[in-house]
Amino acid sequence: MSEKLVRFRGGGFRPEAKRGAGLVVFVVLLLVIEWGTRAGWISNLTLPRPSDVGATLAGLAQSGMLWTHLVPSLTRLVVGAALGISVGIGVGVMIGLFSYVRAGLVPLVAAMFPIPKIALLPLFVIWFGIDEGSKYALIALGTFTPTVVSTYGAVDNVDRGLIRMGQSFNLRWWSIVRKIVLPGALPGILSGLRVSLAIGIILLVAAEMLGAEYGIGAYILQAGSLYDLERLFAGVVVLSALGVLISWIVGQMEKRLLVWRG
Amino acid sequence: MSEKLVRFRGGGFRPEAKRGAGLVVFVVLLLVIEWGTRAGWISNLTLPRPSDVGATLAGLAQSGMLWTHLVPSLTRLVVGAALGISVGIGVGVMIGLFSYVRAGLVPLVAAMFPIPKIALLPLFVIWFGIDEGSKYALIALGTFTPTVVSTYGAVDNVDRGLIRMGQSFNLRWWSIVRKIVLPGALPGILSGLRVSLAIGIILLVAAEMLGAEYGIGAYILQAGSLYDLERLFAGVVVLSALGVLISWIVGQMEKRLLVWRG
Amino acid sequence: MDLSLNKITHRYGDMLVLDEISLNIPDGEILCVIGPSGCGKSTLLRMIGGLERPDQGQVTQVGEVPQGCLNPLTFVFQDFALLPWRTVAGNISLVLEDHGLKGGEIDRIITDVLVRTKLSDFSDALPRQLSGGMKQRVAIARALAVNPAVMLLDEPLSALDAQTRELLMDDLVGLWARQPFTGVYVTHNLAEAVRLGHRIAVLSRRPGCIREVIEIDRPLTERRTGDPELEALQKRLWDLMREEALAADQELLNV
Amino acid sequence: MDLSLNKITHRYGDMLVLDEISLNIPDGEILCVIGPSGCGKSTLLRMIGGLERPDQGQVTQVGEVPQGCLNPLTFVFQDFALLPWRTVAGNISLVLEDHGLKGGEIDRIITDVLVRTKLSDFSDALPRQLSGGMKQRVAIARALAVNPAVMLLDEPLSALDAQTRELLMDDLVGLWARQPFTGVYVTHNLAEAVRLGHRIAVLSRRPGCIREVIEIDRPLTERRTGDPELEALQKRLWDLMREEALAADQELLNV
Amino acid sequence: NEKMTVGALRFTSHAASFVAFERGYFAAEGLDVEFKFFQAAQPMAVAIASGDADYAVTAISGGLVSLAEKGATKVIGGALSEEKGIDGQKILASNAAFEAGLTSPAALAGKNFAVTQVGSSFHYMGAKIAEAEGVAVKYKPLQKVGAIIGALKSGQVDAWSIVPHIAKGLAGAGAVQIIGNVADYIPNYQVTTVFTSAANAANERAKTEAFLRAFSKGADDFNAALVDKTAGDDGATEMVKLIHKYVYADRPYEKAEKSIRNGAMRINKNAGLNMESVQDQLGWMKSEGLIKDSITSDVLVDPSYAPVI
Ligand SMILES: Nc1ncnc2c1ncn2[C@@H]1O[C@H](COP(=O)(O)OP(=O)(O)OP(=O)(O)O)[C@@H](O)[C@H]1O
Ligand SMILES: Nc1ncnc2c1ncn2[C@@H]1O[C@H](COP(=O)(O)OP(=O)(O)OP(=O)(O)O)[C@@H](O)[C@H]1O
Ligand SMILES: [Mg+2]
Ligand SMILES: [Mg+2]
C-alpha cells in the first residue's frame, strides 16, 4: 500500500524585520554613495559624499554649533508640541464625550487639516510676534490637529461594553471618564503622539523660515539656499535622528504605561 | 410594600456629529469675525473680513484666475500623488510579504518619515529641474512614505487565519496574495490614502515655493509675501475645500469597494 | 426584593423587538430566560437593569433593598467586561470606590469575595494572564462585591469552552447554595437553563414574547448532568424551540 | 485513505506541547480529540493537515487518495475563515479556481454542495449577512466542494450558540450518513465528542500525550441526546478530565 | 535711554545703521538700539507691523505697501539709491544662458528671470528691464537670495539682478556673468527706504526724528568713506572693518573686504526720499494687480520726516 508523508504547506506570510539588517542596508547604501561620489559617477551636485557629511556633523558637534542649533529647535519643539498636544488631547476627549462639542468642532478640525501651516506663517508673525511666539504657535497648531483626530478616535474606540459595565455598577460619570475612558483611550492617544511629534519635527523647518538665526531648521534652510549639500544632509540627518529618538521615547512610554497589554 | 421603578442609568458616551451643526458653527464663526472686523475690535491686520475673502474668491472664479492656479496645482497633485501612492503601495505590499524587503526598507522609511520635505526642495530642483519635475517628485516623496507605512500595516493586519485557510486548500502563492492579502489590505490602504492625500495637499505649497508662477500654493505664498490676507485666506479656503473634496472621494471609493463591510 | 416586569414593549427603529413582556422575579430565585437568537433577551435584561429604557411598560422593584447592598441590580456580562489595565483586585475595587467606603472596608470586601470565588491567589494578576473561565470568575466576584439584590447574567458562560462552562456552572450552584441570590440568567444553552433555573421563561422569535414559563422543583444542589428528568425537560424545551432556532439561524442580517 | 501519526513531538520555544503522539485514523471514521485547554489539540491538527511541521515524528498518508479529490486534507476552522468580500458562492469558488476546472464544472460543484448543505437560497449573500451557524455551514460546504479524503475540524461549533450547535451537529451527522467521510474532530465539548466520534482520543494536559482512546460502537445516526449509555460515557470522560480542566483553567498565561 | 529695535539684513546696504550704532550716534541721541537680523526683506516688514522691530531699512515690496494700506507701516525716508556713475546693481546671466547667447539684457526674451517673491524689488527691476528692452520674460519666484544664487549657478534660472557686492563676488568666481547695470534702465531708482510702524510715525515724532538723525550721520560717514572716498584710505579701511563685524562676519577680513568695498552704493543724505521713483514703483505694482488701485503714495509715505528729492 502506498505511503506518503503529509506535505508541509503552511508558514510564510509573516515577514519579520531582522534586527541589524536595516543597519546593513544603511551601511551598504552609504558605501555605494561614497564610492559613487569618489569614483565620479555620482556628481557632487547630486549627492554629497557621506564621509563629508559625517565630517560636517563632527565639525558641528566639535565646534559646539550643533548645540547652538539644537537647543533652540528642541525648545521650540518641546514647548510647541507640549502646547499643541495637551490642548489637542483635551479637545479630542471633549469631542469624544460631548455631542455638541463634536458637532461643532469635528468639521472645523477636518477643514483645518489640509491647511498648509507654512501658509499661515506671516499671519502668525503678526499674531504672536516674530520671535519664539510664532514658532511655538506654528508647531502647536501643527501637532494640535492630528492629536485631536487621534484622540477622539481613541475615545470612540474605547469598548462601550466597559462603559456600560461602569454604568451598571452606578459609577459616577467622572469616575467612568477617569477610570475607564481615559485609560482605554491611552493606547490610541500614544500612537497618535508618534505621528503628532513627527509632524512637529517636520514643522521645525517651516517654523524657522521666518526670523530664526539658529535652529536645525534654519541651518537646513540656509544650507539649502546655498546649495550646500553637505550641511543640508547633516541637518537632515540630525532631524531624522531626532525623529527616531522621539519614536523610541514614545515606544518606551508605551512599554511603561501599557504593561497591561502584555 | 414599597414599589419603585428601576432607575435608568444607561445611555450617553455616544456623541454623534449632528448633521448641519458643523455648518452652523462655521456660519456663526464667520459672522462673528465679520462683525468683529467691521466693528473694529478685530484689526484688519489680524484677520481679513470674511465677506472680502468671499469677494476675492468670487473674483478669482470670475476672472478665470482660479483655474489658472488650480489646474497646475491639481496636475502636480495628481501626478505626484499617483506616483508616490502607486510606488508606495507596491513597496508596502512587498514589505508586508517579504522578510528581506522588510528588514531592508522599514528602517529606511522610518528614517525618511521625519525629514521635512521642504528641506529637500533645493536638492530636488537639482535632480529634477526647476520646472514640474521637482514638484512632482516632492509630492511623490511626501505621499510615498505614509502610503508605505499604512500599506504594510494593512497587509500585516490581514487575518492570518484567512491566509492559513488559503494554504490549507492548496491555493497558489500568487492566488493567496491576489485573492486574500490584497482585498484584505484594501480597507487599511484606503484609509491610508486619506492621510497621504492630505499630506499631498499640504505639500503643494512647499512644492510651489521654488519656481512656480501659477498654482494655489504659489498664489498663497504670493499673498503671504504681499501680506494680502484676503487672498491668503481665499487660497487657504481653496486648499481646505480641496482637502474636504478628496476626503469625500476617498469615502465614496470606500463605499464602492468595501460594500462587503456593510 | 422582587422585580416585576409590566408589559415591556420595545422597538429598534421599525423593528418590534419585545412585545408586552410581563414577568415576576421573586426574591431568592433564579429565572432563566431562553429563546432563539435575536429575540431580544439581552435587550430585556438591559431594561431590567436600567441600562435601556423600554418604549412602553415598566420594571418595578418591589420591597426594600436589603441592608448593605451597594448596587441592587448588578450585571455579569458575556464578555466579562474587565478593565484590562487593572489587576483582579483593582477590577473589584473599581466598583467599590464610588461608595465612600473606607480603604480597610474595601480591602476586606475584596478579600472576602476572592475567597468565595477561590481567586485569592490571583489577586494581583492582570486579566490578560487569565483564562476565560478565570476572567468570568473575577467578574462574578466583582458582582458579589457590591452585594447585589438581583444578579443579571447575560450568557455568562457562552464565551467559555465546554469544560470550563461545566466547572463554572458548579461554582455558580455552589455560590447560590452558600448564599441564595436572586438572578435573571439569559442563555442559549438549555443544559444551563435546566441546571441553574428555578423557573425558565421561554421567549418566542422576534418580536419576543413569553411562550411559556416552566418551573423546576428539584433543588439546584441536587441536579446532576444525566438526570433523566432534567434531560427530558431539556428535550422538551428543545422540541419547543427547534423550529424557531432554525428559522432564526437562517435569517439574513442587515439586508 | 488512512492517516497515521508516528510519535509526534513538538515544542514552542522551551515549552513541550506535544509528546510522542501516535494515532491511527482509519478511512471513513470520525476521530474526536478532546483535552483540556492549551494541551496542543489545535497544534496537532495543524500538523496532520501540513500547516505546521512537527519537531519530531511524522504524519503519513496510507493508501491512495480517492478519485476526484482536489484537496485530500481539508480544514474547517473554528472562526469559519470565510472571505468577507466574497459571496457564499464566491467563497466556495475560491478553493476550486486553482485546480484548472472548467467554469461549468465549478458551478456544478458549487450548486451541488449548496444543495447538500441546504444553502441554495444564500448563494449570493455576503458573510456579514449570515448568522454564525450559516457561516459555518458555508465553511463546511466549501470543505465538501474539494471532495476531501479527510476533514480536519478544529472546534467547528464552539463559536456558535448552544442551539445552533445542536442544529449543526444534526447536519454533520446527516452529511456523514449520506456520504461517510474521514474526520478528525477537535473539541472541548464532551457532548459533541460522544455524538460525533467513532473513536475519542483523550489528551492529557500540556505536554499533550494520549491518555486513552475510547471506541463507541453505536452508529452515529442512532445516537440521541439523553441516551443513557452516551450520557454515562460523557460522565466518565468528564470525571477523567475534570481535574485537568480545572488546573488548565487556573494556569496563568504569559507570566 | 530709550530702547528700540532696528531690523537689518547682513548686507552692506544696511551699513548706515551699523555705523550709527558702532560710532555711538544712536547713543548720543539717547537711543538704546538693539539689532534684529533677518534673512529676507519681507519678514522685516511684517516684524515692524507686529511690533517686533521699530525701524528698518528695506526695499519697497508689495508686502510693505499692503501693510501700509492696513495702517501698520509708514515709509519715513529713503536709503539706497541708484546713481549714474556709481557702481550700482548688476544684471546677471547664468553661465549656461550666457553661452547660449544671453550676453545683454536685450536677449532676455523668453528667459527665466529669478525673483525672491512676486512683487519684490527683483520683480520690479526685471519688469522695468524687460519693458525697456521690449521683451517678455518669465519670473521664477525662489523665496530667498540664497536659493536664487544656487539656481543661477546650476543654470536652473537664466537671469537676475542684484546689489553689486554679491554680483561681483559671483562673477569674480566665474559662477555667473554680468550683462548690464540696473541704473541704465531705472535711473535714480530708490532701492531701499527707511520705514517704521504707523504708530511710531504718528505718535513718536521725537524718537523717530532722533533715529533718522543718527541714521543719517551713519550714512554720511559711510558715503564719505566708501562711496565718495573722501575720508582717505584709512577712513575707508576703518569703515570696512566696522562693517565686517556685521557683514560677512564668518569670512576672513581679507576676503570680506573686497565684497564690502564692492557693495558700496550711495545712501541718501538726510534719508531723502525720491518720490518720483516711489510713485513709479507703486504704479508698477498696481499695473501688475499686486496692490489695490486705490493706494496712493500718501498711504505709504509719511513725508514729514525727510526731504523729498
Ligand atoms: N442598539 C440597537 N439598535 C438597533 N437594533 C438593535 C440594537 N440592539 C439590538 N438590536 C436588534 O434587536 C434584536 C434583539 O437583540 P438582542 O441582542 O436583545 O437579542 P438576543 O436575544 O440577546 O440575541 P442573542 O441570542 O443573539 O444574544 C436583534 O435583531 C438585534 O439586531
Ligand atoms: N505559534 C505558537 N507559538 C508559541 N506558542 C504557541 C503557538 N501556538 C500555540 N502555542 C501554545 O501551545 C500550547 C498549545 O496550543 P494549542 O492551540 O494547540 O492548544 P489547544 O489544545 O488547541 O487549546 P484550546 O483548547 O485552547 O484551543 C498553548 O499553550 C499555546 O499557548
Ligand atoms: Mg444577547
Ligand atoms: Mg485550539
Side-chain angles (χ1 to χ4, degrees), chain A residues 9-10 13-18 21-23 25-26 45-46 95-104 106-108 110-111 113-116 118-119 121-123 126-127 160 163-164 167-168 170 181 198 201-202 204-206 217 220-221 224-225 227 229 232 235-236 239-240 242-244 247, chain B residues 9-10 13-18 21-22 25-26 45-46 95-104 106-108 110-116 118-123 126-127 160 163-164 167-168 170 181 198 201-202 204-206 217 220-221 224 227 229 232 235-236 239-240 242-244 247:
Chain A
R9 51 186 174 166
F13 293 100
R14 251 200 207 301
E16 271 169 41
K18 279 147 186 136
L23 208 70
V25 171
F26 260 117
L45 255 181
T46 312
I95 290 179
L97 290 178
F98 304 112
S99 281
Y100 281 98
V101 180
R102 162 162 311 210
V106 166
L108 220 62
F113 214 103
I115 296 179
I118 330 173
L121 211 50
L123 210 62
I126 298 273
W127 291 355
R160 297 297 123 167
I163 292 176
R164 300 285 165 251
Q167 293 179 323
S168 80
N170 276 344
V181 176
I201 295 178
I202 290 179
L204 265 184
V205 173
I220 290 178
L221 285 168
S225 71
Y227 285 84
L229 294 189
L232 180 70
V236 164
L239 282 192
S240 184
L242 192 61
V244 172
S247 164
Chain B
R9 50 185 174 166
F13 293 101
R14 252 200 206 300
E16 270 169 43
K18 277 147 187 135
V25 172
F26 261 116
L45 216 52
T46 311
I95 289 179
L97 290 177
F98 304 112
S99 281
Y100 282 99
V101 180
R102 163 163 308 211
V106 166
L108 220 62
M112 267 164 66
F113 214 102
I115 295 179
I118 330 173
L120 299 181
L121 203 54
L123 203 66
I126 296 187
W127 289 355
R160 297 296 123 166
I163 292 176
R164 301 282 165 252
Q167 292 178 325
S168 81
N170 277 343
V181 176
I201 294 177
I202 290 179
L204 268 182
V205 174
I220 289 178
L221 285 169
Y227 207 81
L229 294 187
L232 180 69
V236 164
L239 282 193
S240 186
L242 192 62
V244 172
S247 164

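Computed from a predicted model, the values in this text were never measured in an experiment.
- The CG atom of B:Leu120 sits 6.5 Å away from the CG atom of A:Leu232 when rounded to the nearest 0.5 Å.
- Ranked by heavy-atom pairs under 4.5 Å with chain A, the first of B:Leu242, B:Leu121, B:Asn170 is B:Asn170.
- Counting only distance, with no hydrogens or angles, the side chain of B:Ser240 and the backbone of A:Ala111 share a donor-acceptor pair below 3.5 Å.
- Note: A:Leu204 CG to B:Ile118 CD1 = 10.5 Å, rounded to the nearest 0.5 Å.
- Note on A:Ile115, A:Ile201, A:Val244: by heavy-atom pairs under 4.5 Å with chain B, the leading option is A:Ile115.
- With respect to chain B, the highest number of heavy-atom pairs below 4.5 Å among A:Val25, A:Ile202, A:Leu229, A:Leu239 belongs to A:Ile202.
- Here B:Phe98 pairs with B:Trp173 under the ring pair (Phe, Tyr, Trp, His ring centres under 6.0 Å) rule; sequence neighbours left out.
- Only the side chain of B:Ile163 has a heavy atom closer than 4.5 Å to any heavy atom of chain A.
- A:Arg9 touches chain B through backbone and side chain together, each having a heavy atom under 4.5 Å away.
- Proximity to chain B is limited to the backbone of A:Ile95, based on heavy atoms less than 4.5 angstrom apart.
- Heavy-atom distances place no part of B:Val101 under 4.5 Å from chain A, backbone and side chain included.
- Taking B:Ala110 as the reference, nothing meets the side chain to side chain contact (heavy atoms under 4.5 Å, CB included) condition, with sequence neighbours excluded.
- A distance-only check finds no donor-acceptor pair linking the side chain of B:Arg14 to the backbone of A:Arg160 [under 3.5 Å].
- Rounding to the nearest 0.5 angstrom, the gap separating the CZ atom in B:Phe26 from the CG atom in A:Leu108 is 5.0 Å.
- The choice from B:Ile126, B:Val181, B:Val205, B:Ile220 that makes the most heavy-atom pairs within less than 4.5 Å of chain A is B:Ile126.
- Comparing A:Gly243, A:Ala198, A:Gly10 by heavy-atom pairs within less than 4.5 Å of chain B, the highest count is held by A:Gly10.
- Once rounded to the nearest 0.5 Å, the distance linking CG of A:Leu123 with OG1 of B:Thr46 reads 8.0 Å.
- Counting all heavy atoms, side chain and backbone alike, B:Pro15 lies closest to A:Gly96 at CG-O, 3.0 Å.
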